[in-house]
Amino acid sequence: MICRSALNTDTINVVLVNYPYVSSVVKYPIGLINLKNILDKSCNNIRTNIVDFNRLINDKSIAVESFKNKDYNLLSSYILSYSPHIIGFSTIAISLDIVLELSSFIKSQHPELIIFLGGPAASVSYARLLQDFTCIDYILLGESESCIESTIITASAGASFQDIRANIAFRDGEEICEKHDAPDVVLDKLPYLDLSGYSDLSEIDIEIGRGCPFNCYFCATSIFWHRKYEVKSVHRLIGEIEYYIMEYGIVNFNFIHDLLTYDRDFIIDFCKEILNKKIKINWACSARADYLDNEMIEYMYIAGCNHIFIGIESGSNRMQRIIQKNLNVETLYDIFTVLSQYQISLTVSFVYGFPEEEQSDLIDTLKLIQCLNDKFGCKVVLSRCTLYPNTTVYLQNAENVNTFLPSGDYLALHNAEPSELIVNNKELFPCFFCLDNQREYPHLDVFINFYIRLIKATLPNFYLCLSDKYSYYELYSIFYHLNERLDPYTRELYEKRSTKREYFIVLYDLLREEVESNDHFDKRIREAFCFDMLLLSHSTAL
């Protein structure tokens with residue numbers, strides 16, 4: 001229940017705020033646009049605006065330093081410029097602390113405003129957030145398209161949420177209440193996205209469906225979506241694609257679904273309809289390796305699929321069972337052999353630092369990464385096991401989450417030292433901390449994602465000599481000291497958004513010192529390095 005009187009206004013001004021996140025690719029907030037479209041179409045007395053911090057960062061309207069320096073007076077001005085009565089923040093783990101501090105600042109200046117949260121970070125920690133942060137009036141849980149209108153009207157009237165059907169958590173006196181009785185969201189009935197405010201689009205994200213039926217022990221998706229799986233109808237999706245082509249002239253699409261290929265019949269029917277309609281598009285999607293087969297891949301390719309993101313997580317069969325991913329590592333080579341026959345680029349994700357992971361498991365993972373990189377040309381992304389509230393891996397290891405270990409995503413928005421809010425609320429922010437075993441391989445993700453990728457791309461002969469003689473695990477051990485020396489400077493350049501030239505000059509100077517002084521490198525490797533450096537010096541890469 002909102003403990004205040006009804007708003008004395010004929011028009012309710014609502015501002016929906018997209019969480020801050022630093023990315024080179026501007027992604028429009030599908031969820032918030034859906035909510036705005038619903039409110040715009042159904043309520044004449046509700047005026048809704050979106051403040052997209054991600055976009056404001058990328059177009060340099062807001063400097064990243066404004067977040068690092070906690071300039072909440074400036075940040076709040078973008079929100080308050082719309083004279084809101086109600087403010088809703090979308091949340092993810094990496095910036096939840098910023099949302100909470102900004103909400104507290106706004107509420108201290110304007111206590112009459114109603115502030116609510118939504119999104120995965122708030123949904124999984126709603127009880128703790130409502131208990132400790134009085135600046136938050138209520139939290140929408142999970143998907144909320146079917147109850148956004150009723151919650152806005154109820155909140156503005158100062159009425160009780162007990163009387164409406166909603167997925168919501170709120171205070172009723174001293175008690176924290178939750179409800180999960182909102183009508184089901186019918187995806188086919190959601191309005192097409194109004195992207196008129198995003199004039200510089202080169203591709204369009206289309207939400208194909210929601211949820212994942214699996215239960216990987218480190219993933220928060222199953223918690224947020226309650227392991228359900230659904231997709232829009234083929235008819236609806238074809239209409240949506242044709243609408244965006246006609247309205248915006250875009251033919252490149254990113255099909256958003258955690259597991260697009262789970263329903264084999266759906267994906268084949270979808271691809272057949274694209275072909276029957278003679279729709280010429282390019283599209284990307286996400287899939288599980290064990291939910292792909294030769295016929296499906298062929299249909300996807302012919303229908304325009306040019307990129308697939310595949311989560312493998314571990315190259316160890318033992319770890320596959322422990323993390324409940326349950327892929328058979330041996331069969332992966334067969335499916336990647338099939339995928340390599342088509343012009344479909346592949347990004348494959350792995351995770352290291354699971355609490356049960358042993359050295360042999362990590363070696364198996366790096367071995368598979370090296371094979372996918374060298375034999376199949378995949379782009380590989382390695383991440384440290386990140387802990388999220390209420391996931392199985394966190395609940396089993398919560399007592400051991402003690403060491404603050406900031407990631408690159410964290411440093412993009414925060415200063416290196418954690419705030420008191422983070423230190424005093426580790427249960428809300430476990431993603432900023434690490435388990436003890438994760439300190440055994442510092443910066444391994446940076447080594448694979450940055451150094452290996454850069455060396456392979458710009459020093460190909462040197463890379464081939466290294467990869468022919470050494471495993472990635474051995475290379476990491478050899479380059480460990482280089483990694484330690486370079487990493488602080490790399491992070492500084494990353495924070496400043498420096499040019500590639502600065503990265504390269506530092507990296508190549510350190511590499512030259514390492515190659516010349518390290519006994520691991522024989523004459524063949526040194527000659528390959530010198531040859532590549534000579535070619536590089538005459539190219540435009542620098």
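FYI, side chains are in, hydrogens and waters are out, and symmetry mates aren't considered; it's all heavy atoms of this structure.
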Engineer: Working to the nearest 0.5 angstrom, can you tell me the gap between I136 CD1 and L117 CG?
Structural biologist: 4.0 Å
Engineer: Do C177 and Q162 come within less than 4.5 Å of each other through their side chains, counting heavy atoms only?
Structural biologist: yes
Engineer: Identify the two heavy atoms, one from E313 and one from F218, that lie closest to each other, and give their separation to 0.1 Å.
Structural biologist: CG-CZ, 3.7 Å
Engineer: Hey, mind stepping through H307 and N254 against side-chain contact (heavy atoms from CB on, under 4.5 Å) and telling me if it holds?
Structural biologist: CA-CA 9 Å; H307 182 82; N254 186 23; over 6 Å; no
Engineer: Could you pull out the closest heavy-atom pair between N167 and A182, with the gap in Å?
Structural biologist: OD1-N, 3.3 Å
Engineer: With a 6.0 Å cut-off (strictly less than), is the heavy-atom count around CG of D181, excluding the residue itself, greater than 12?
Structural biologist: yes
Engineer: Hey, does Y21 have a side-chain heavy atom less than 4.5 Å from the side chain of D409?
Structural biologist: yes
Engineer: Under the side-chain contact (heavy atoms from CB on, under 4.5 Å) rule, what do Y82 and V14 come out as? Steps first, then yes or no, please.
Structural biologist: CA-CA 8 Å; Y82 293 104; V14 177; over 6 Å; no
Engineer: What's the shortest heavy-atom distance between L113 and P84, and which atoms?
Structural biologist: CD2-O, 2.9 Å
Engineer: When you compare the side chains of Y441 and E357, does any donor N or O come within less than 3.5 Å of an acceptor on the partner?
Structural biologist: no
Engineer: How far does CZ of F133 sit from NZ of K107, to the nearest 0.5 angstrom?
Structural biologist: 14.0 Å
Engineer: Check this for me: does any side-chain nitrogen of one of R236 and E230 sit under 4.0 Å from a carboxylate oxygen of the other?
Structural biologist: no
Engineer: Can you tell me how far CG of N49 sits from CD1 of I87, rounded to the nearest 0.5 angstrom?
Structural biologist: 12.0 Å
Engineer: With sequence neighbours excluded, tell me which residues meet ring pair (Phe, Tyr, Trp, His ring centres under 6.0 Å) with Y291.
Structural biologist: F214, Y262
Engineer: Less than 4.5 Å apart, side chain to side chain, heavy atoms only: is that true for E145 and K189?
Structural biologist: no
Engineer: When you compare the side chains of D194 and S196, does any donor N or O come within less than 3.5 Å of an acceptor on the partner?
Structural biologist: yes
Engineer: Out of curiosity, K426 NZ to T403 OG1, how far, rounded to the nearest 0.5 Å?
Structural biologist: 8.5 Å
Engineer: What's the shortest heavy-atom distance between Y352 and H443, and which atoms?
Structural biologist: OH-N, 4.5 Å
Engineer: Give a yes or no on whether the backbone of L435 and the side-chain of Q438 come within a donor-acceptor separation of less than 3.5 Å.
Structural biologist: yes
Engineer: Looking only at atom types and distance, does a side-chain atom of N449 sit under 3.5 Å from a main-chain N or O of L382, one as donor and one as acceptor?
Structural biologist: yes
Engineer: Taking P20's backbone N and O only, do any of them form a donor-acceptor pair with S95's side chain (distance below 3.5 Å, no angle check)?
Structural biologist: yes
Engineer: Would you find a donor on one side and an acceptor on the other, under 3.5 Å apart, between the side chain of S146 and the backbone of D184?
Structural biologist: no
Engineer: Between Y248 and Y243, what is the ring plane arrangement, given parallel below 30°, perpendicular above 60°, and tilted in between?
Structural biologist: perpendicular
Engineer: Measuring from atom NE2 of H235 to atom CD of E240, what distance do you get when rounded to the nearest 0.5 angstrom?
Structural biologist: 11.5 Å
Engineer: Is the side chain of R384 donor-acceptor paired with the backbone N or O of L405 at a distance under 3.5 Å, no angle test?
Structural biologist: yes
Engineer: Hey, is NZ on K379 packed in by over 12 heavy atoms from elsewhere, all under 6.0 Å?
Structural biologist: no
Engineer: Would a 4.5 Å heavy-atom cut-off, applied to side chains only, mark E178 and I168 as touching?
Structural biologist: no
Engineer: Check the side chains of N13 and S83 for a donor-acceptor pair under 3.5 angstrom, ignoring hydrogens and angles.
Structural biologist: no
Engineer: List the atom of L428, the atom of P389, and the distance in Å for their closest heavy-atom pair.
Structural biologist: O-CG, 3.9 Å
Engineer: To the nearest 0.5 Å, how far apart are OG in S314 and CD in Q320?
Structural biologist: 5.5 Å
Engineer: Got I274 and W283 here, is their nearest side-chain heavy-atom distance under 4.5 Å?
Structural biologist: yes
Engineer: Spell out, as yes or no, whether a donor-acceptor pair under 3.5 Å connects the side chain of S76 to the backbone of N73.
Structural biologist: yes
Engineer: Between C212 and L259, what is the shortest heavy-atom contact and its length?
Structural biologist: SG-CD2, 4.3 Å
Engineer: Say whether, by atom type as modelled, one donor and one acceptor occur between the side chain of E356 and the main chain of M319 under 3.5 angstrom.
Structural biologist: no
Engineer: Step through it carefully: locate the ring centre of F266, locate the ring centre of Y229, and say whether they are under 6.0 Å apart.
Structural biologist: no
Engineer: Should F53 and V99 count as side-chain neighbours, where that means a heavy-atom distance under 4.5 Å?
Structural biologist: no
Engineer: Does the side chain of I38 reach to within under 4.5 Å of the side chain of P191, using non-hydrogen atoms?
Structural biologist: yes
Engineer: Would you mind reporting whether Y28 and N18 have side-chain heavy atoms less than 4.5 Å apart?
Structural biologist: no
Engineer: What residues form a ring pair (Phe, Tyr, Trp, His ring centres under 6.0 Å) with F433, not counting sequence neighbours?
Structural biologist: F404
Engineer: Would you call the rings of H414 and Y410 parallel, tilted or perpendicular, where under 30° means parallel and over 60° means perpendicular?
Structural biologist: parallel
Engineer: Examine distances only and state if a side-chain atom of H257 and a backbone atom of A287 form a donor-acceptor pair shorter than 3.5 Å.
Structural biologist: no
Engineer: So, does N415 use its side chain to make a donor-acceptor pair with the main chain of K68 at under 3.5 Å?
Structural biologist: yes
Engineer: Quick one: do E203 and N282 satisfy side-chain contact (heavy atoms from CB on, under 4.5 Å)? Show the steps, please.
Structural biologist: CA-CA 9 Å; E203 66 176 19; N282 302 306; over 6 Å; no
Engineer: Examine distances only and state if a side-chain atom of K179 and a backbone atom of I164 form a donor-acceptor pair shorter than 3.5 Å.
Structural biologist: yes
Engineer: Report the C-alpha distance between L190 and N34 in whole Å, list the side-chain angles of each, state the deciding distance to 0.1 Å, and finish with yes or no for side-chain contact (heavy atoms from CB on, under 4.5 Å).
Structural biologist: CA-CA 7 Å; L190 294 177; N34 271 335; 4.1 Å; yes
Engineer: On the 0 to 90° scale, with breaks at 30° and 60°, tag the Y244-F253 ring pair as parallel, tilted or perpendicular.
Structural biologist: tilted
